[in-house]
Amino acid sequence: MRNWIVVPMALALAACGGGDGAAGGTPGGLAAEACKDAAESRLGGKLYELDTAALAASMRDAPNGEKFLTAPITIEPGLTSEVKQIVECTVRFSDAKPQPDVVGFVFNW
């Protein structure tokens, strides 16, 4: 009987940005989104959990004007094949485009 309210609420959340709020246009958020995309491209469609807000908050200066981000990731959460690792991602911002380029990425055990 209450299922009719779930769909409008979900649509309202999606319209407001839904997600975890990491992107938001801040440099850390943009870097975290680029790193998240890099992780997805390496996971081959596997399920994962990655806190992009924590990833964005971890951003710090790296050599050559690059930025380094790191956060835990759980691959295949809740399955017998679940693996916990650390994402380590380096990005470079440029004035020529709004999104940073991922210049280094690893899953660290």
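Remember, predicted model here, so these are calculated numbers, not experimental data. For this chain, numbers begin at 1 and follow the sequence in order.
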Check: Where do A56 and G28 come nearest, in terms of heavy atoms and distance?
Finding: CB-O, 3.3 Å

Check: Between the side chain of E40 and the main-chain N/O of K36, is any donor-acceptor distance below 3.5 Å?
Finding: no

Checklist line | Pair E66, T90: side-chain N/O donor-acceptor within cut-off below 3.5 Å | finding: no

Check: Do you know which two heavy atoms are closest between A32 and L55, and how far apart they sit?
Finding: O-CD2, 3.7 Å

Check: Among the clusters formed by ILVMFWY side chains lying less than 4.5 Å apart, do Y48 and V87 turn up in the same one?
Finding: yes

Check: Does one hydrophobic cluster hold both F107 and L50, with members joined at side-chain heavy-atom distances below 4.5 Å?
Finding: yes

Next item on the list: Give, for atom CG of L43 and atom CD of E76, the distance between the pair rounded to the nearest 0.5 Å.
Entry: 9.0 Å

Margin query: Is the shortest side-chain heavy-atom distance between D51 and P72 below 4.5 Å?
Written below: no

Notebook entry, point to check: Do you know the tightest heavy-atom contact between C35 and V91?
Noted result: SG-CG1, 3.8 Å

Notebook entry, point to check: To the nearest 0.5 Å, what is the distance between CD1 (I73) and CD1 (I86)?
Noted result: 10.0 Å

Item checked: Partner of M59 under side-chain contact (heavy atoms from CB on, under 4.5 Å), chosen from T26, L69, L30 -> L69

Item checked: Considering all heavy atoms, the nearest A38-S41 contact -> O-OG, 2.8 Å

Checklist line | Closest approach of A71 to A54 (non-hydrogen atoms, all atoms of both residues) | finding: CB-C, 4.5 Å

Margin query: If I compare all heavy atoms of F93 with all of P27, which pair ends up nearest, and what's the gap?
Written below: CZ-O, 3.3 Å

